[in-house]
Amino acid sequence: MKLKHDFWVGWAIVAIVITSCSEQTTSQKQQPDIKRETSLRSVTLDKTKVVMGQTLYVPIYSHIYHYNSQDDVMELSATLSIRNTDLTNSIIITSVRYYDTDGQLIRQDIKSPVELKPLASTNFFIAANDTSGGSGANFIVEWVAEKTVYEPVIEAVMISTSFSQGISFVSPAKVLKQHRMKK
């Protein structure tokens with residue numbers, strides 16, 4: 001009798017576990033895809049209305065050396081992040097250019113001015129297997145605003161999970177030029 005009772009209790013536990021796993025899987029499938037891309041709207045820039053802006057240099061490390069030799073390279077993916085920190089006003093991104101170690105332009109990601117709305121963010125990605133930039137790659141980012149705004153946060157995040165290791169770090173932008181227009 002006890003054996004029969006234990007048998008049914010065991011089956012009940014198995015049924016509960018299977019049901020809970022099934023429900024979890026089902027609920028995970030029903031969740032909406034949370035990947036969102038900021039839509040950057042092209043705008044016509046009236047330079048006479050510009051009151052401020054910056055030109056920034058952002059270091060990108062497409063690979064780093066490890067162990068005891070420059071022959072041991074860990075390739076990194078990089079994400080350039082541009083975040084408008086202003087609560088009420090848009091900024092206008094006028095240029096995002098990617099350069100290699102020798103200072104040669106590799107690509108230009110923004111062809112014409114685009115608006116980044118208040119508190120919006122956008123990013124530009126360099127894959128780990130894209131070694132065109134070399135170890136001294138960089139972005140030059142230019143932005144302006146038609147009203148006085150809080151400066152955006154512009155930085156790069158590099159990451160690798162190769163060789164059963166994880167490494168990540170942030171590279172902040174350095175202001176090369178402030179653009180302040182006279183009123």
Side-chain angles (χ1 to χ4, degrees), residues 21 24-42 53-86 90-145 149-178:
C21 289
Q24 196 171 29
T25 304
T26 303
S27 66
Q28 287 174 350
K29 287 180 183 176
Q30 292 174 349
Q31 290 180 354
D33 184 10
I34 60 172
K35 181 181 176 186
R36 285 175 250 203
E37 297 298 324
T38 302
S39 59
L40 297 173
R41 185 175 63 91
S42 291
Q54 293 177 320
T55 300
L56 301 116
Y57 174 92
V58 187
I60 299 294
Y61 300 88
S62 63
H63 66 270
I64 55 173
Y65 306 108
H66 63 106
Y67 297 120
N68 295 322
S69 167
Q70 286 187 331
D71 295 331
D72 296 318
V73 173
M74 180 180 288
E75 293 178 346
L76 304 167
S77 62
T79 302
L80 172 71
S81 177
I82 302 174
R83 298 168 177 261
N84 184 357
T85 62
D86 199 90
S90 296
I91 63 170
I92 298 169
I93 303 169
T94 57
S95 181
V96 175
R97 299 183 310 271
Y98 184 56
Y99 292 87
D100 70 8
T101 300
D102 294 324
Q104 298 300 308
L105 180 65
I106 295 175
R107 71 180 201 220
Q108 188 165 333
D109 290 314
I110 299 288
K111 305 283 189 224
S112 61
V114 293
E115 176 185 32
L116 188 59
K117 294 192 178 289
L119 297 178
S121 300
T122 192
N123 60 66
F124 302 88
F125 181 72
I126 306 294
N129 63 356
D130 179 350
T131 59
S132 62
S135 62
N138 63 80
F139 276 101
I140 300 293
V141 177
E142 295 180 278
W143 69 271
V144 296
V149 296
Y150 291 105
E151 293 177 0
V153 172
I154 301 176
E155 59 193 358
V157 179
M158 275 65 62
I159 186 169
S160 176
T161 55
S162 57
F163 306 115
S164 300
Q165 299 176 18
I167 182 172
S168 64
F169 56 96
V170 176
S171 180
K174 177 181 179 17
V175 177
L176 298 179
K177 198 183 292 183
Q178 290 279 2

Flag side-chain contact, heavy atom, 4.5 Å: [X] against [Y]:
X	Y	answer
P113	S42	no
S160	L76	yes
W143	L116	no
T79	I159	no

Any idea which heavy atoms bring [X] and [Y] closest together, and the distance?
X	Y	result
H63	G134	CE1-C, 3.9 Å
N84	K117	ND2-O, 3.1 Å
L40	E115	CD2-O, 3.6 Å
G136	T101	N-OG1, 2.9 Å
V170	P172	O-CD, 3.8 Å
S171	P59	OG-O, 3.1 Å

Rounded to the nearest 0.5 Å, what separates atom [atom1] in [X] from atom [atom2] in [Y]?
X	Y	atom1	atom2	value
K174	Y57	NZ	OH	10.5 Å
E75	I64	CD	CD1	11.5 Å
D86	L119	CG	CG	7.5 Å
I126	I106	CD1	CD1	7.5 Å
D100	L105	CG	CG	9.0 Å
N123	L80	CG	CG	8.0 Å

So for atom NZ, which belongs to K111, do other residues, nucleotides or ligands contribute more than 12 heavy atoms lying within a distance under 6.0 Å? yes

Take atom CZ in R97; do more than 12 heavy atoms of anything else shown fall under 6.0 Å from it?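 Yes.
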
Are S81 and E155 close enough that a side-chain donor and a side-chain acceptor fall under 3.5 Å?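 No, because no side-chain N or O of S81 sits under 3.5 Å from a partner of the opposite role on E155.
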
Please tell me whether Y61 and F169 form a close aromatic pair, meaning their ring centres lie under 6.0 Å apart.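 That pair passes the under 6.0 Å test.
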
Between T94 and E142, is there a donor-acceptor pair closer than 3.5 Å when you use the side chain of the first and the backbone of the second?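 Judged by distance alone, yes, a pair lies under 3.5 Å.
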
How far apart are the C-alpha atoms of F124 and I82, what are their side-chain angles, what is the distance that settles it, and do they pass the side-chain contact (heavy atoms from CB on, under 4.5 Å) test? CA-CA 9 Å; F124 302 88; I82 302 174; 3.8 Å; yes

